[in-house]
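Report on the structure given below.
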Amino acid sequence: MTELPSSGGARLAGPPDVDPGATPSIARQGLVRLVVLYMSSRRILIALAAVVALAAGLRIAAHWHWDTYGALQLPLIVETACATVVAAATVSPFGGQERASGHWLPMLRLGAALGLTTWAVIALAAAGAGVHMSGGFLVMTRNVAGIAGLALLGATALGGGLAWVGPVGYLVVAVYSLYAQWHGGGPSTPWIWPARPLADAGAWLCAGAVFAAGMTLITVRGAKDGT
Amino acid sequence: MIATAPPVRQQPGSRTNAVLSGGRLLRLELRHSAMLAMLPLTAVLFWFNAYRPSMAEPPLWSLRAPTMQHGALLDFLLPVVGAAAWMGAREHRRGVTDLAEIVARARWIRQLYAWAAVTGWALAGYLVCVGVLYAVTAAQAPWGGPLWWPAVVGAAGLPALAAVGFAAGSCFPSRFMTPLISIGVFFLVGMSVNLTHGGTSFWQISPIIAGAVDIGADPGVATFYPYLPDLPIAQVIFLAGLTAAILGALGCAVASGGRALRATAAAICLAGLVAAATAIGFAGTARLDRHGMMVISALHDAANDQPISYTPACSKGTLPVCVNPAFAAYLPLVASALRPVVSQVAGLPGAPDRILQAAPTFTQEPHDAIGVGVGGVAGARYARGLRVVGAGLPDQLPGERQPDVTSAQYASQVRAQVGDAVVGYLLRTGKHDSPAQEAVRAGLLKAAGVRLIPPGQRPDGLGRTARGLVPGTAAYRSAMRFAALPTATRRAWLSTHLTALRAGHITLAQLP
């Protein structure tokens, strides 16, 4: 892990390194620096930009002429891409050293994952403003949260670099289920929530449970190292 | 460990040594390829998205093979592109880019081995998955052989997908690249079907497009006439060209190797680009032929226009109903549906000796619509001299996934559509029928239980109705009267008057 300056800086080993007589502004500066360093190490700014680019792509694509399948599946593909970006931002370049010394790390992980997921929802909502998107805002929120949870679970199990495996596998299943549901068939399990209607409480519960599990695990354990 | 003897020095330049060391490198890459770990996921996706939908179709090669082609490549796409991108970024991810530069083999060659390992595992998985699907279908299909081209196109797509992923991972080794390139390619390939309209589009080069987009998997396509390889050949040329172009471009970088190697890579890249562009051009000239497949003039072999010869499967009875053996499973249903019609016409003078399933014909219509008609019975083997009426079976079989047609609906369709053809044959109807011919035709169909729709009214949309007469007209009243007659009376009258009726010498007033 990179060595942080002791004067006016911050370290992950505990609360910001503040003298008892130091002013609150110095403590605040240390905290800000800690957050900035964490964001830098996780490429959070690139992740934010990637989400914006995906949302812009969705906005552009929404103006094309799609058949029914395309209109149904297009938002889901972009939502999944956003979720994989959230998980990719969990990769730590420091590994065990950081893990062994960071009391603030769980809060930073939670903040980053939650913040990026929220950012994805906001960006996609903005992309969908004024155009008709399949499912609408609430379904998009449910899908992004659930798939982000799945990606974060993948990050804790496989590592941030391979966290995309779960969401992309899920994407194939969900895309086919959307297609089959439109024809009145296909799987009706709430675990494939992207294929369920807005009013399906089970789908909300499943997506919420996966999101909560992903957030909890990434907060407590972080992404697996060594990929 | 202490070395007690110097290692045996291999003779430089030996071809055998080069092959052996290449084999060792490939084995190492195969052992460490991420694609190996992806195979279980890929198999699950194939089962969910390609095997199940294909098996849900009736056991006809013309239904299952195109369904498989569409789903299989999408199932393999994400794991293959992802694994390839992951392997492409390996040296950067592990921080050994500089270290790897000093090894004996040029960077491009090492990259080709890593790509080959991903492709090899993907192909192995694909062959197993498709092999199982084809083996099960071969055991179930009553007639016909496997359609290999859909499987070949899928197999040709895997090296291209691996090349795309590998190049992206190698050139832009970011943590975000692997998922984004995978999903980006999935979007591009998966949505390519949306961009194909009207039967003429360059997007038909997409490897998930199996034949005419507006027809889809159809039981009548590639059953009476050979599966046309025109579009698959163009797709394979495109995929091979794309693979060569991408891999060649990888080797053009200064760090990829020496001058000669880079020149070779550039030549491969150029050849690939030319091949891919040519194939796209071919795809743009594809047009729908009347048998429901895409013809590309530059790649077309006229020998494929000959019908497939077959011995029909026939029901028993005074007027046997015969179908292509691929449809043998539906023969009892078809024969049962036609029984009321057969009972009206069998044995009458000039009545058909056989009802034989005709090949469907397809025509491209505006707004991505397809017109389905009835072709001939050229491929069927039957005794010459028999009076045969060729009639097309309905386009959708019961048991097909979409749209769902029940057996009862199918029977109604058969009775209306084939029954109309049989009665028309009996009465020798044409474009200028006499009112009496029209009335007898309508009366016979009504007596056989066919629902008639007056001209100008919308049919039921499922093809369960036949064209009727305008209510209140004299012809309509005569038809209703004729239909209400006892069968024996009707048959007796027809036996006596059929010849005159066909010649147009019978008036409505003369009908019983």
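Chain A is the first sequence line, chain B the second, and so forth, proteins listed ahead of strands; every chain is numbered from 1. Fair warning: this is a prediction, and the values are worked out from it, not measured in the lab.
Ring geometry, Y170(A) versus W193(A): the interplanar angle falls from 30° to 60°, so the pair is classed tilted. A perpendicular orientation is assigned to the rings of Y176(A) and F48(B), their planes being inclined by more than 60° (bins at 30° and 60°).
Within 6.0 Å of CH2 on W119(A) lie no more than 12 heavy atoms contributed by other residues, nucleotides or ligands.
Residue contact with chain B, scored on non-hydrogen atoms closer than 4.5 Å, involves the side chain of P187(A) exclusively. For A83(B), the part lying under 4.5 angstrom from a heavy atom of chain A is the backbone only.
Judged by distance alone, with hydrogens and angles left aside, the side-chain atoms of Y179(A) form no donor-acceptor pair with the main-chain N or O of L72(A) at under 3.5 Å. In terms of modelled atom types and a separation under 3.5 Å, the side chain of Q69(B) and the main chain of P207(B) share a donor-acceptor contact.
Using a 4.5 Å heavy-atom cut-off against chain B, the contacting residues of residues 39-54 of chain A are S41(A), R42(A), R43(A), I46(A), A47(A), A50(A), L54(A).
Tested against V173(A), the residues D75(B), L45(B), V44(B) include a single side chain to side chain contact (heavy atoms under 4.5 Å, CB included) partner, L45(B).
Residues meeting the side-chain contact (heavy atoms from CB on, under 4.5 Å) test with V165(A), sequence neighbours left out: L158(A), L162(A), M38(B), L41(B).
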